[in-house]
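Keep in mind that the numbers below use all heavy atoms, side chains included, and drop hydrogens, waters and symmetry copies. In what follows, every chain begins at residue 1, and chains take the letters A, B, ... in the order their sequences are listed.
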Protein chains: 2
Amino acid sequence: MPKRVDPTERRTLIADALMRVAAERGLEAVSLRHVAAEAGATTGLVQHYFGTKDEMMLFALEVVSGHIGERMEAAVNALGPSPAPRDLIRAMATQLLPLDEQRRADGRVGLAFFAYAATRPHVAEVQRRGSEGLRDFFATMMPEPAATTLLALVEGLALYLLTDTYSAATALGALDGYLDSVFGRP
Amino acid sequence: MPKRVDPTERRTLIADALMRVAAERGLEAVSLRHVAAEAGATTGLVQHYFGTKDEMMLFALEVVSGHIGERMEAAVNALGPSPAPRDLIRAMATQLLPLDEQRRADGRVGLAFFAYAATRPHVAEVQRRGSEGLRDFFATMMPEPAATTLLALVEGLALYLLTDTYSAATALGALDGYLDSVFGRP
DNA sequence: CGTTTTACATTACAGTCGTGATGTCAAAGC
DNA sequence: GCTTTGACATCACGACTGTAATGTAAAACG
């Protein structure tokens, strides 16, 4: 056999190509051939690592969640030890907003997956779990109804940022305004 | 020529079929053939009334906005004359939430169109205008930043209702909670 | 050293897609 | 009444899709 290869490395390489295609040309342009071409490979390689297209899509969705998780961890670490709950929540919520090109790309993929999941229950399950985990975490640092509201608010802001309906300043203002109403004005 | 026919009637007939397909099988299942079949017609008819697929999609998007507008008007009229701002806003915002099968169908189509618009600037324009109009109207009855936040919150709640992440009671609770924080608890 | 197994590439297939061309038929206009 | 025209139906086209089958080369393993 040829050089033994790290399969998850190849899979993330493919998933990254997928996300580039999805971010630039929409999820409907995500085909085995386009993804393969973007990855500089052939459809055979893609087929080798993902038996089916749905498998590939599902993996890409997990990569996006992974990105968000990593960014949240980094943002939280940047706060230093034992930060105030409000700062912690703000830092995490901000990572859900598409405020730079990196997060915009992830956001577009995430949005596309919402539509994709609308007719694929098992994909929807993955998303649901992610949202619930986040809300439960938020709920450890603020009243539960407020955590619920905050998460929905952030999701809506993300949507409007993605469509250029709201500016970054507007979205951050709305986020801070809501945090003020929960934690009290500083 | 055959019986002269009302073109907009035919167009809405086609658009309704499109929305049924999109709601049940996702926007990616929306093809000229599927829509035609759902409408009990042929692709020739669809082509006759919409030169191109994009034209058809755009028209369907306008139909969805129309539905929402009609529902809002009905809900507002049901309030009786000169309602309190809070009640008015609540009635309108509620129409944006997919709380019954009718609104769920529209919501799914709307969501699918968000993804569709992500790579079609002129479609995004239509959506943006709708959101801005709504926010401006809200802003006539509440502080502007609150209107901005409310709209994003409602959009986020709609998303989570659509994916069955939040229950109707949870979403309405979040909406009322926010309205309380703006207008004061009754 | 030979065999097996892994990692890919290539090709083929059946299906669907949007679109354009062409055909048919009935009513409106002269 | 004949011609024009609008309202569709039908069919063909090239492009694209996901997937299955097959081929090939190389490294690991006995």
Side-chain angles (χ1 to χ4, degrees), chain A residues 1-22 24-61 112-113 115-120 122-123, chain B residues 1-22 24-61 109 112-113 115-117 119-120 122-123:
Chain A
M1 33 183 148
K3 217 177 302 205
R4 204 96 180 33
V5 136
D6 180 18
T8 64
E9 178 211 315
R10 291 274 195 257
R11 286 163 75 96
T12 56
L13 184 128
I14 295 170
D16 285 350
L18 187 159
M19 299 206 337
R20 263 174 281 146
V21 173
E24 284 165 27
R25 290 187 279 163
L27 196 68
E28 84 241 15
V30 171
S31 71
L32 297 191
R33 284 165 243 261
H34 284 162
V35 171
E38 175 75 31
T42 63
T43 75
L45 188 149
V46 178
Q47 275 200 107
H48 187 67
Y49 289 102
F50 300 101
T52 179
K53 187 189 178 181
D54 269 21
E55 258 183 65
M56 179 178 73
M57 301 297 259
L58 216 53
F59 184 79
L61 178 56
F113 266 107
Y116 188 76
T119 51
R120 272 117 178 149
H122 60 286
V123 178
Chain B
M1 34 184 150
K3 220 178 303 207
R4 204 100 181 29
V5 134
D6 180 18
T8 65
E9 178 211 316
R10 293 272 195 256
R11 286 162 76 95
T12 56
L13 185 129
I14 295 169
D16 285 351
L18 186 159
M19 301 208 334
R20 263 174 280 146
V21 173
E24 283 164 28
R25 290 186 279 163
L27 195 69
E28 84 242 16
V30 172
S31 69
L32 297 191
R33 284 165 241 262
H34 285 163
V35 171
E38 175 75 29
T42 63
T43 74
L45 188 148
V46 179
Q47 273 200 91
H48 186 68
Y49 288 102
F50 301 101
T52 179
K53 187 189 178 182
D54 269 22
E55 260 183 65
M56 179 178 73
M57 301 296 258
L58 216 52
F59 183 79
L61 179 55
V109 174
F113 266 106
Y116 188 75
T119 51
R120 272 119 181 147
H122 59 286
V123 178

A:Leu32 CG - C:dC8 C1' separation (whole Å): 15 Å
B:Leu18 CG to C:dG18 P, straight-line distance once rounded to whole Å: 11 Å
Distance, rounded to the nearest Å, where B:His48 contributes NE2 and C:dG23 contributes P: 18 Å
Sugar-phosphate, base or nothing in reach of B:Arg10, heavy atoms under 4.0 Å: sugar-phosphate
Interatomic distance, B:Asp6 CG vs D:dG6 P [rounded to whole Å]: 16 Å
Side-chain heavy atoms of B:Asp54 within contact of B:His122, under 4.5 Å: yes
Short side-chain to backbone donor-acceptor contact, B:Thr52 and B:Glu55, under 3.5 Å: no
A:Gln47 side chain, from C-beta outward: closest of C:dT19, D:dA20, D:dT10: D:dA20
Separation of D:dC8 P from B:Leu13 CG (nearest whole Å): 10 Å
Minimal non-hydrogen separation, A:Thr119 against B:Gly26, with atom names: CG2-N, 3.3 Å
C:dC17 OP1/OP2 closer than 4.0 Å to side-chain N/O of B:His34: yes
Sugar-phosphate, base or nothing in reach of A:Thr43, heavy atoms under 4.0 Å: base
Atom pair distance, as rounded to whole Å: CZ in B:Phe50 and P in C:dG18: 14 Å
Rounded distance (nearest 0.5 Å) linking atom CE of B:Met56 with atom CG of B:Leu32: 5.0 Å
Atom-to-atom span, CG of B:Asp54 to P of C:dC17 - whole angstrom: 16 Å
Options D:dT17, C:dA7, C:dG18, nucleotide nearest the side-chain atoms of B:Arg33: C:dG18
Sugar-phosphate, base or nothing in reach of B:Leu45, heavy atoms under 4.0 Å: sugar-phosphate
Sugar-phosphate only, base, or nothing, as touched by B:Val35 at under 4.0 Å among non-hydrogen atoms: nothing
Whole-Å gap separating C1' (D:dA9) and OH (B:Tyr49): 13 Å
Distance in Å, A:His34 NE2 paired with A:Leu18 CG, rounded so as to fall on 0.5 Å steps: 12.0 Å
Contact under 4.0 Å: A:Ser31 side-chain N or O vs D:dT17 OP1/OP2: yes
First of A:Ala29 and A:Gly44 reached from the 5' end of DNA chain D, by closest nucleotide: A:Ala29
